[in-house]
Amino acid sequence: MQYAQRIDEQSSSNLEALLAAPKAGQVSFAGGLPDPDLFPEAELATGFAEAISQSGDTCLQYNSAAGYLPLREKVAQHLQRSGVPATADSLMLTQGAQQALDLIGRLFIDPGTNVVVEGPTYAGALAAFNAYQPHYLTVPVRPDGMDMGILKTQVQQHDVRLVYTVPDFQNPTGTVMSLTKRQQLLALAEQYDFMIVEDAPYRDLRYKGVTMPSLYELDHKDRVIHVGSFSKILSPGLRLGWLSANPELLTRLIDLKNGADLESSNLMMRGIDNYLQANDLSAHIEQLRQSYARKCQTMVTTLQTNLPGNVQCSNPDGGFFVWLQLPRNMNTETILATCSDDVTFVPSTTLYASGADKSGMRLAFTNPSVTEIKRGAAILANTISRAMTGAVAQAN
Ligand SMILES: Cc1ncc(COP(=O)(O)O)c(C=O)c1O
């Protein structure tokens, strides 16, 4: 069978495996799954039932590629509350943030186009962009966001069209880009003529500290496309995300959405709109914050207590992920192979565009219970300690 050339590059994505439910007895820190106990099931059920019973004739009809206007208005209000000055007219609703990334890739990336990604980065963004065969330039992530010195060198040396970043509680490292770096990034975008994709599905999930201005707010030159989603703050099964962009880009992205799937599900958009009309999303997010903050603290404390001193464990201010950085000679894929009956995680190999760095691991703390986190993190720390003792013994 003759496939398109790009297919080989795409087949390395293992996202499906990442999002699979854990096996019996296994604690999964792998997929970035929310806690299902926190889904507002009854309230969503009411919203969907009302959509059908009260406006079945319209909500079962086609709507528009930009998405149901009242829902765009509510998403805009929500974004404005968290410092993202989007409006109903700057927004398009998408099938999750993932579709927004795909459409952005479609708009900007030709085979060989230079695209800057963080190292490590969100594997799903690589999977989305891979379809358009970019040439990736990787900029390392520091504790305060991407390394601006290295970014500057990259954009000086290469004709970069797109920089993809997750500035708030980055997937996978959990880091937040500092205000200074946000300003530097925007200045570089203007100087070297590239667009920034600000992918921010974790922005509302801050457990401590103060919220940073979004790149979208700081941008006065139309250099930023803001991407977000209900997946982490309501439910990923809804498959409802959005992007906000300047009018010219939005028109083009709406055209591309038409070609991709015409529009997002009208029934879904109306059901969510009813939910938001009758419920307080901010109060719901506050509940998530409290629960996830506790889980995060449990994971960090358990790991810090049990890990060897030369493993760096992040202590994120929000989001879904803790990052472990092992000494560079360690291979976390091998560690996963030894402990995967009991505990799973994402080794860094799949989180770098080059696949080259094997020494990190991403641990998602939101889905397992506090008890499971304690058990899984203790087993993991123990496995890492044994692997490191073995590695030292081998080196000797
Ligand atoms: C940074 C980032 N962007 C986008 C997505 C995709 O989200 P959605 O479920 O809205 O498609 C995820 C999901 O984990 C993510 O972590």
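Counting convention: from 1, in listed order, for ligands and their atoms alike.
- Checked against the 6.0 Å centroid criterion, the rings of Y202 and F321 qualify as a close aromatic pair.
- With sequence neighbours left out, the ring pair (Phe, Tyr, Trp, His ring centres under 6.0 Å) criterion links W242 to F230.
- Evaluated for a ring pair (Phe, Tyr, Trp, His ring centres under 6.0 Å) with F320, the options F169, Y292, F365 yield exactly one hit, Y292.
- Summarising the local packing, CD of Q312 is surrounded by 12 or fewer heavy atoms from other residues, nucleotides or ligands at distances under 6.0 Å.
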If you look only at distance, which donor and acceptor atoms sit under 3.5 Å apart when one is on a side chain in residues 48-60 and the other is two or more places apart or in another chain?
{"from": "S53", "atom 1": "OG", "to": "A49", "atom 2": "O", "distance (Å)": "3.0"}
{"from": "S55", "atom 1": "OG", "to": "A51", "atom 2": "O", "distance (Å)": "3.1"}
{"from": "T58", "atom 1": "OG1", "to": "S55", "atom 2": "O", "distance (Å)": "3.1"}

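- For A100, the side chain to side chain contact (heavy atoms under 4.5 Å, CB included) partners are T94, V227, L243, not counting sequence neighbours.
- The immediate protein surroundings of ligand 1, defined as residues with any heavy atom under 4.0 Å of it, consist of G96, A97, Q98, Y122, Y164, V166, N171, D199, P201, Y202, S229, S231, K232, R239.
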